[in-house]
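Here's the structure we're looking at; comments come further down.
Note: hydrogens, waters and symmetry copies are ignored here, and every other heavy atom, side chains too, is used. Naming convention: chains lettered A, B, ... in sequence-line order (proteins, then strands); numbering from 1 in each chain. Treat the numbers as computed from the prediction; the structure is a model and nothing was measured.
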Number of protein chains: 2
Amino acid sequence: MAYTKKEEFGAREQALAAFAKALSHPARISILGILSKKEECICGEIVDDLPLAQSTVSQHLKELKEAGLILGETVGPRSCYCINWKAFERFYSEFSQLFHKLKEQQGRCC
Amino acid sequence: MAYTKKEEFGAREQALAAFAKALSHPARISILGILSKKEECICGEIVDDLPLAQSTVSQHLKELKEAGLILGETVGPRSCYCINWKAFERFYSEFSQLFHKLKEQQGRCC
DNA sequence: AATGTATATCGCAAATATACGATAAGTTTT
DNA sequence: AAAACTTATCGTATATTTGCGATATACATT
């Protein structure tokens, strides 16, 4: 039985949805906020700033990384994460397009 | 055991995450696209446009509605959905703020 | 009243996500 | 080479999401 039909939608829709999914948990929004504040994006501090276990934070970081929104770099025994600006900009632009497409429709119905 | 710690994050993070969650499935992105194209946002057509069963589409519509992104109105035997422009604009603005906060950090690390 | 049509909801199965502790893997420091 | 430290991964429990068919609900038409 065909469980999960995500592939049956357009590439654009899938990409935007994947991006949104990466942002769909408050922990991951928080992580991005933390990364934007720190001079050094060295993490571990992230763990201290969040009400989650280290392993859970690591998992959220992995998801953000797999979605392409952040980059990770190993520095000695630690990991340094930072925002993948390019990817973020691309998605923001896609999202803006969707938004403006919706805006055109404003007031035509209901 | 405390399963799901979403409530332990800030209201802003939770709201943004909830918004992103509503957009985190290609079917729901597609629905918004369809709504933006039709003169009349009368639905049922949505079911025909998507590779999903009627009940599944109805569920996605419900989620968008509960997230506040669309409004539903009963017109005779049918349902008419449309974009809740106000809510959408509010979330877009929040998201833009996050984006610009991230942008400030650009190039400071990694 | 009976039938047809459109949509929502219920109940269920499968898939995914969330969270944690334990442990592994990799680096320093001693 | 041991010990200490940081982070990733594994295993597991629970929660949530996704999807469907069946059924209920609500209006229209006959």
Side-chain angles (χ1 to χ4, degrees), chain A residues 1-9 13-14 17-31 34-35 40-67 70-82, chain B residues 1-9 13-14 17-31 34-35 38 40-67 70-82 110:
Chain A
M1 204 157 288
Y3 262 69
T4 199
K5 293 201 156 180
K6 287 183 182 172
E7 331 78 37
E8 300 191 22
F9 293 87
E13 283 78 14
Q14 284 186 54
F19 167 59
K21 193 189 193 76
L23 300 179
S24 74
H25 194 288
R28 294 195 285 271
I29 299 279
S30 297
I31 288 171
I34 292 168
L35 288 183
E40 310 183 302
C41 47
I42 282 130
C43 93
E45 298 170 303
I46 297 172
V47 174
D48 298 336
D49 278 16
L50 296 181
L52 296 172
Q54 178 268 321
S55 58
T56 307
V57 172
S58 193
Q59 220 172 302
H60 282 302
L61 285 166
K62 192 183 175 190
E63 273 171 82
L64 284 169
K65 202 172 162 186
E66 283 177 353
I70 64 174
L71 298 167
E73 196 180 325
T74 310
V75 180
R78 348 195 145 203
S79 282
C80 172
Y81 286 101
C82 63
Chain B
M1 205 156 288
Y3 265 69
T4 201
K5 293 199 154 180
K6 288 184 182 171
E7 331 77 37
E8 300 190 22
F9 293 87
E13 283 78 15
Q14 285 188 53
F19 168 59
K21 192 189 193 77
L23 299 180
S24 75
H25 194 287
R28 295 194 285 272
I29 299 280
S30 298
I31 288 171
I34 292 167
L35 289 183
K38 305 272 182 187
E40 308 184 304
C41 49
I42 282 133
C43 96
E45 299 168 302
I46 296 173
V47 175
D48 297 336
D49 279 15
L50 296 181
L52 296 172
Q54 178 266 323
S55 59
T56 307
V57 173
S58 192
Q59 221 172 302
H60 282 302
L61 285 165
K62 193 184 175 189
E63 272 170 82
L64 284 169
K65 200 173 164 185
E66 282 176 352
I70 63 173
L71 298 167
E73 197 180 323
T74 310
V75 179
R78 346 195 146 204
S79 283
C80 173
Y81 285 101
C82 63
C110 293

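- Here A:S30 contributes atom OG and A:D49 contributes atom CG; the two are 9.0 Å apart, rounded to the nearest 0.5 Å.
- In this structure, B:Y81 reaches the C:dA8 phosphate: one of its side-chain N or O atoms is under 4.0 Å from OP1 or OP2.
- If you take CD of A:E66 and P of C:dT18, they are 13 Å apart, rounded to a whole angstrom.
- As a whole-Å value, the separation of B:K21 NZ from D:dT18 P is 7 Å.
- In this structure, the CD atom of A:E63 is 14 Å from the C1' atom of D:dT9, given to the nearest Å.
- Backbone-only engagement by B:L52 is indicated by non-hydrogen atom pairs under 4.0 Å involving sugar-phosphate atoms exclusively.
- Contact annotation: A:R78 side-chain N/O to C:dT28 OP1/OP2 distance is not under 4.0 Å.
- Not one side-chain nitrogen or oxygen of A:H60 sits closer than 4.0 Å to the OP1 or OP2 atom of C:dA17.
- Look at CG on A:L50: it is 11 Å from P on C:dC20, rounded to the nearest Å.
- For C:dT16, neither phosphate oxygen OP1 nor OP2 lies less than 4.0 angstrom from any side-chain nitrogen or oxygen of A:K6.
- Look at CD on A:E7: it is 9 Å from P on D:dG19, rounded to the nearest Å.
- Counting distance only, with no hydrogens placed and no angle test, the side-chain atoms of B:Q54 and the base atoms of C:dA6 include no donor-acceptor pair under 3.5 Å.
- At the heavy-atom level, B:T56 lies under 4.0 Å from base atoms of the strands shown.
- A:K65 comes within 4.0 angstrom of nothing in the nucleic acid, heavy atoms only.
- The CD1 atom of A:I70 sits 9 Å away from the P atom of D:dA8 (whole-angstrom rounding).
- Summarising the geometry, atom OH belonging to A:Y81 is positioned 10.0 Å from atom CG belonging to A:L35; distances are rounded to the nearest 0.5 Å.
- For the pair B:L64 CG and C:dA8 P, the computed distance is 12 Å after rounding to whole Å.
- Taking atom CD of residue B:Q59 and atom C1' of nucleotide C:dA6, one finds them 17 Å apart after rounding to whole Å.
- Put simply, A:S79 has a side-chain N or O that comes within less than 4.0 Å of OP1 or OP2 on D:dA8.
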